[in-house]
Colleague: 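This is the structure, below, for whatever I ask next.
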2 protein chains.
Amino acid sequence: MPARRARGVSIEDVARAAGVSRQTVSNAINAPQRLRPETLDRVTELIREMGYSPDQSARSLRSGTRRIIAYTTPETDPANPNALMSGFLEALVAASGEVGYRILLVRPRPGQPQEKAIDEVIAGGGADAFLLSDVLDGDTRVEHLAAGGFPFAVFGRTGAGLPQSWVDLDSARAMADLVGLLAGRGHRHVGLLTMSLDQPWLRHRAEGFRAGVRGHGLTCVEATADDPESAVAAGRELLGGRPAPTALVVIDDWLAPAAYAAAQAEGLVVGADLAVAGFNDMPYAALLQPPLTTLRLPLRRIADALVGRLLTIIDDGVTPETGLLLPGEIVVRASLP
Amino acid sequence: MPARRARGVSIEDVARAAGVSRQTVSNAINAPQRLRPETLDRVTELIREMGYSPDQSARSLRSGTRRIIAYTTPETDPANPNALMSGFLEALVAASGEVGYRILLVRPRPGQPQEKAIDEVIAGGGADAFLLSDVLDGDTRVEHLAAGGFPFAVFGRTGAGLPQSWVDLDSARAMADLVGLLAGRGHRHVGLLTMSLDQPWLRHRAEGFRAGVRGHGLTCVEATADDPESAVAAGRELLGGRPAPTALVVIDDWLAPAAYAAAQAEGLVVGADLAVAGFNDMPYAALLQPPLTTLRLPLRRIADALVGRLLTIIDDGVTPETGLLLPGEIVVRASLP
DNA sequence: AACGTTCATTTGAACGTTCATATTGGCGGC
DNA sequence: GCCGCCAATATGAACGTTCAAATGAACGTT
């Protein structure tokens, strides 16, 4: 017995109270410039007084828009939740809220394919647009949405031949800048502690690292690890090589504690004997001892740009011709003196 | 010019194709037991084939329910995003998805009070229920929702005289258990590194710690710090006292790196000379060197219980008489050998 | 054989809004 | 004084669904 929500004041109630028609009340909200100032005042005052708020369902049913953006949460390994998600979602909610849109979280039910969940939302009119993030290599969500002609944008990048409705960090440049910072501090031989490059953004970072090394005339060594223990071992291997790197860049902040441990095991003091830099500015980066120099993503600006693009698509039907790369911000802390 | 969403297949289309009435198609979805099996088969097959999905707006408008739960995201300090939020939201989306509900993120616009944002959602019929978390002492959201008689539940606790529609970790017991673990490993004098107890859950943890210390006949010392640097100082103060504690509990994982640094500064090896335990099982707890023993919240079970309670309120109009405390899980890692 | 019961399905109305179009009133031009 | 025009507001219809009540068919009972 699904209890029905108590119905509140309707547009009709306000109209009667104000002695005007429904449409006039509707206009007071949606097209105030059409009303005579005194009428507008009277109506808006009554709207406020009576606590009227247009019924979203009725509005959507008639107008065909919902003012809702669906965000398909990336499927996260429960053991290692996507730590960026929290910050990005935060920024996304703020950015969309400012233009009157809300965020609906969409997730396939267990066993249901992603695309099915997307189709359900689209067919049911659950949202005006989709926002995707964490698009991996085999991910067909983008193709699917593009084929359906439904408005969407991507935090990340889309392949050639697909709508270029994406915004991303310029990871390569950010990483090259990080290497530039190292070069500026006198480092000539640097190490990169990386993980398997099965995610696009990791590849961009690695490429940026190598480009930075070449561009600044440095030399480098690399090692790969996909779990904390082997990361410590890989770090020690890098640091024990000859010549030994004087700076270590980890491709993601989560590798930083392992890098610190490797340094300690090799008798090196991070921030003095060895410079360490990370990537992502996870919340714990500032908590480590010494605090970690890392690259912060401009999450709020990314969210703003994504929402802006979505509005362009929704309102004007125009899909951006090119993606947008935004610069990161290097946060210098004691690990890289 | 807000572009209108293209309308898709409607219930009418399916009804015509199947040679039945609208209502029969509706029943196929909402009350399958009312249909003759063969009719049901024919209709569901056509529904699948034509890709029909009921329009959420129309459904909500008529039925007064939305199958949406509004989650008011706690206002987060951008510098230190609520790291739990990511995991909890993850669990919440999964839990609600399994019973056919989606999560709508609600956040006041800049300058708008929380309650105004809530009222807007309620009046506009944007959700069937509210879920709150991170309810701080001065927070009036609970009172507001209770006064309005709108379905809600709280991850956390509600005060006396308010609906007891909450689910929370039994923080006190969890912390006492953690102390019990220390006692079992032979520790007799333990330290607590805490922060200002301005949040209810921190008070519960501190009380649990003291109760555990009393209950196991231990002695303890405490110190308070609210930022990383003073946390290191506070940690050294604790460790430098005489008699020196052989185990250090930090009231939140974010203090753990500071505790590790303090130990190192005092010449102690964490996991050998000193045991350290944290609380929350933040993603980085497992990454620290040595990995941190900590208390993991049963986020999925909390989310399940919360969603269950919401459904009871929504469907049956029955508000639970008492809150629900769930046990945590101690994750033993190398920091507490 | 007439009659109530139950089951399966249909029908008309209603949910609250916005769209498209119609109506009203006032004002200037000639 | 009449006409046309524009601004301001009003009216009827429509969006797609579910509710409440009505219809019809099948069946067992007496």
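When reading the values below, keep in mind they use all heavy atoms of this one structure, side chains included, and skip hydrogens, waters and symmetry mates. Not measured: the values here are computed from a predicted model. Residue numbers begin at 1 in each chain, while the letters A, B, ... track the order of the sequences.
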Colleague: Ignoring hydrogens and angles, tell me if any N or O in the side chain of A:T72 forms a donor-acceptor pair with the backbone of A:V106 under 3.5 Å.
Modeller: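 Not a single qualifying donor-acceptor pair exists.
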Colleague: Is B:R42 salt-bridged to B:E45, cutoff N-O under 4.0 Å?
Modeller: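 Looking at B:R42 and B:E45, the cut-off is not met.
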Colleague: Grab the CD-P distance between B:E12 and C:dT10 for me, whole Å please.
Modeller: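 One finds 12 Å between P of C:dT10 and CD of B:E12, rounded.
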Colleague: Among B:I118, B:V154, B:L136, find the residue that satisfies the side chain to side chain contact (heavy atoms under 4.5 Å, CB included) test when tested with B:R141.
Modeller: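 Exactly one pass, corresponding to B:I118.
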Colleague: Tell me: CD1 of B:I29 to C1' of D:dC19, nearest whole Å?
Modeller: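 Rounded to the whole Å, the gap is 16 Å.
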Colleague: Please name all residues satisfying side-chain hydrogen bond (donor to acceptor under 3.5 Å, both in side chains) with B:E38, sequence neighbours left out, ordered by chain then number.
Modeller: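 B:E38 satisfies side-chain hydrogen bond (donor to acceptor under 3.5 Å, both in side chains) with B:R36 only.
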Colleague: Look at atom CZ of A:R300 and say whether more than 12 heavy atoms of other residues, nucleotides or ligands are closer to it than 6.0 Å.
Modeller: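 Yes.
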Colleague: Taking CG from B:L61 and P from C:dG16, how many angstroms apart are they, rounded to a whole number?
Modeller: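 Nearest whole value for this atom pair: 7 Å.
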Colleague: Please check: side-chain N/O of B:D304 versus main-chain N/O of B:A95, any donor-acceptor pairing under 3.5 Å?
Modeller: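 Such a contact is absent between B:D304 side chain and B:A95 backbone.
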Colleague: Could you check how far CZ of A:R67 sits from C1' of C:dT18, rounded to whole Å?
Modeller: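 To the nearest whole Å, that distance equals 14 Å.
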Colleague: List the steps and the verdict of side-chain contact (heavy atoms from CB on, under 4.5 Å) for A:F130 and A:L104.
Modeller: CA-CA 9 Å; A:F130 266 87; A:L104 184 73; over 6 Å; no
Colleague: Quick check on the helix from C:dA1-D:dT30 to C:dC30-D:dG1: what's the angle between its two end axes, five base pairs per end, to the nearest 10°?
Modeller: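 About 50° separates the two local helix axes.
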Colleague: Can you build the contact string for nucleotides 8-13 of chain D? Use B for base contact, S for sugar-phosphate-only contact, and - for no protein heavy atom under 4.0 Å.
Modeller: SSBBBB
Colleague: For D:dT17, does either OP1 or OP2 sit under 4.0 Å from a side-chain N or O belonging to B:S26?
Modeller: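 False: B:S26 side-chain N/O out of range (4.0 Å or more) of D:dT17 OP1/OP2.
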Colleague: Answer with yes or no whether the side chains of A:S133 and A:Y71 bring together a donor and an acceptor at under 3.5 Å.
Modeller: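 Distance-only check passes for A:Y71 and A:S133.
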